[in-house]
Amino acid sequence: MTTDVHYGHIFHLKGSPTVTEAAAALVSVPDGALVVGSDGRVLFAGERAAVPAEYASATVHDQRGGYLLPGFVDTHIHFPQTYAGDSYGGGQLLEWLTNCIFPSESSYAEPEFAQEAAVEFTRRRIAAGTTAAMVFGSAFPHAQDALFSQTQKAGLRIVSGRGIQTRGPASAEPLITSEEDAIRLTREEIEKWHAADTGDVNTALLHVAIVPRFSLAVTTETLRNLGELYDEFRDRGVYVHTHLNENNRPGTGEVDSTKREYQVDTYLDTYDGKFLPGSQVGGKSLLGPRTILAHCVHCQDAELARMAETGASIAHCPVSQLFLGSGTMPWKRTIASGVNVAAGTDFGGGDEWLVPRVLGDAFKQHISEDGAAGVSLHPAELLFLGTLGGARALDMEDRFGNFDEGKEADFVVVQPAGALKGLLRNAVRAGDAGLARDQTLFALLMGLRESSIAEVYVRGRRVVA
Ligand code: GUN
Ligand code: ZN
C-alpha cells in the first residue's frame, strides 16, 4: 500500500473525551485532509493547506464536497436476525422473541441459508459504514464460521460469539443445547476465531465474545460455567455480550421475570456471579472492560454504578426501544453514573442498519424525556455515541474511533445525495461559527442515509462487498 491523502470536510472527536466532554473535543475541518500511511495508520488529519511536505507525493483521493467521518461502530446487532427486521410478533420483547425471532434464527441451521445471510449481513454493514461491530451471533457454529469468513474477506472488524441458550420456550428448541455443549461450542469458537486473522489480539480484526442470550435463556449452571470459561480467557482479550434490563412490563416482562426466577436483587447480579437466591455468589463475574450490555433501559442506580466500576459499557439502542415498546433509557441519570454509553442498532429488534439512524432516535427520545430529565443532545455527543464511544465499548479506543495520529484509519466518506444534499447546503442558520459548525454536523448525522455513504475504509483499506 502507498501513502494516501483524502480530501474532504473532516469531523471527529480528538483525544479521549467522555460523552459530556465531546463538544469540547469536536474537530471540524471544512477543507481537510486525512493522510493514511502504507500501514493503514493516520499520519495527519487537519487543514489541507497544512499537509506536511513529506506527504506531497501521496496518492490523492479528492472527496471535496463530501465528509470524512470515523467509521461507525455498532455495539449491538444480531447476525441471525438479518432477515428479521420489521417482524410483527403481536407484542413486546418476549412475545416477539417467541413468535418471530426464535423461529427465524432457527432457519440458520441450514448451512446454505446461513451462508447467504452472512453475505447479506456483511453487505448491509458496509452499506451503512459500520466498520466495527459487536455482533450477537447465531447458535449454529457453521453460521458463525460463515460470518467470520465473510467479515474477514470484506476486511471489516468484528467481535462476535454464538448465542448461548440452555433453556427456553418450544419455539427456541433448535437453538438450545445441553450445558456441556454450551461450553464446548463456545470454547471451540474462541479457539478457532479469536484473533484468527493475525494471531495477535492487539492487531486482529476478528475477535470472539461469550454471548449468553440473556438470563432467561440460560441456567445458573450455564452462568457458573461461563464464569469459569471467562476467567480462563479474560486475559486473552475475549469479550462478553448480552442483554440487560430491556423490557419492564409489570409482572410478565423480562426484568420482573428474571428477578422472580433468580430471586436476585438486581438483574445485573445474574451476570456478576451473584445469580443465586438473595444475590448470593454462585460463580465468577462476567463483567469487565470487554463486556457490553445491550439496552439498560430500566437500571437501578446500583447496577449503573457497578457497570461503571467494572468498566463495562452500555449499547444504547433507541430504535429498538421504539420498535419493541421498551421505553427510554434515562439519559442524564445513566451518564451521571460514569458508565460508557455507545450506540447499537439491535437489528432486527431495531429496524435500521445505519448507526446515524440510532443517533437520530437518541436525539428525539432524550429531548422528549419528562421535565428536567429531558436534554437536547449536542451533535458532538451523538458523534461520540456512534464512533469514539463505540471504540471505547469494544476496548479498542487505542486503535480506532477518531483521527488521532497513529490510530488505524477507519473512516467513511459521505457524499451527500438526494435530500441530504439540499439539507446540508441550507443547514446553517447561525452567524456564530461554532453554532454553524454544530448545525452542519447535526444535519449530517440526522439526515444521513445509506445512499450517501460513498466509500468505507478499515485500517486505510477500502472495504467493498
Ligand atoms: N433479549 C434476548 N434476546 C433478545 C433479542 O434477540 N433481541 C432483543 N432486543 N432483546 C433480546
Ligand atoms: Zn438485542
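Bear in mind that the values here come from a model prediction, so they are computed numbers and not experimental data. All ligand and atom numbering here is 1-based and tracks the order in the structure. What's counted below: heavy atoms across the whole structure, side chains too, no hydrogens, waters or symmetry copies.
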With ring-ring contact (aromatic ring centres under 6.0 Å, His included) as the test, pick out the partner of Phe121 among Phe136, Phe148, Phe79. Phe79

Show me which atoms of ligand 1 lie under 4.0 Å from any heavy atom of [X].
X: Leu93; value: 8 (C), 10 (N), 11 (C)
X: Leu97; value: 2 (C), 3 (N), 4 (C), 5 (C), 6 (O)
X: Asp346; value: 8 (C), 9 (N)
X: His78; value: 5 (C), 6 (O), 7 (N)

Salt bridge present between [X] and [Y] (N-O < 4.0 angstrom):
X: Arg184; Y: Glu188; answer: yes
X: Arg236; Y: Glu191; answer: no
X: Glu309; Y: Arg306; answer: yes

Could you tell me the residue and atom name of the protein heavy atom closest to atom 4 (C) of ligand 1, and the distance to it rounded to 0.1 Å?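 The answer is His243 CE1, 3.3 Å.
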
Which residue supplies the protein heavy atom nearest to atom 10 (N) of ligand 1, what is that atom called, and how far is it?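 I find the closest protein heavy atom is Glu246 OE1, 2.6 Å.
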
Relative to the ring of Tyr108, is the ring of Phe113 parallel (under 30°), tilted (30 to 60°) or perpendicular (over 60°)?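 Phe113 vs Tyr108 ring planes: perpendicular.
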
Can you label the angle between the Trp353 ring and the Phe347 ring as parallel, tilted or perpendicular, going by 30° and 60°?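 If you compare the ring of Trp353 with that of Phe347, the planes turn out parallel.
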
Near the Zn ion (ligand 2), is there an N/O/S atom from [X] that is less than 2.8 Å away?
X: His295; value: no
X: His78; value: yes
X: Glu246; value: no

Determine the sole option in Ile453, Val355, Val412, Val463 for which the side-chain contact (heavy atoms from CB on, under 4.5 Å) test with Thr130 is passed.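 That would be Val355.
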
What about the rings of His241 and His76, do their centers lie closer together than 6.0 Å? yes

Nearest non-hydrogen partners of Glu254 and Leu216, listed with the distance: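 Smallest heavy-atom distance, with atoms named: O-CD1, 4.0 Å.
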
Could you say whether the N/O atoms of [X] and ligand 1 ever approach to under 3.5 Å?
X: Ser320; answer: no
X: Arg213; answer: yes
X: Glu254; answer: no

Rounding to 10°, state the angle centred on the Zn ion (ligand 2) that links OD1 in Asp346 with NE2 in His76. 80°

If you measure from each heavy atom of Trp96 to ligand 1, is any distance below 4.0 Å?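 Yes.
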
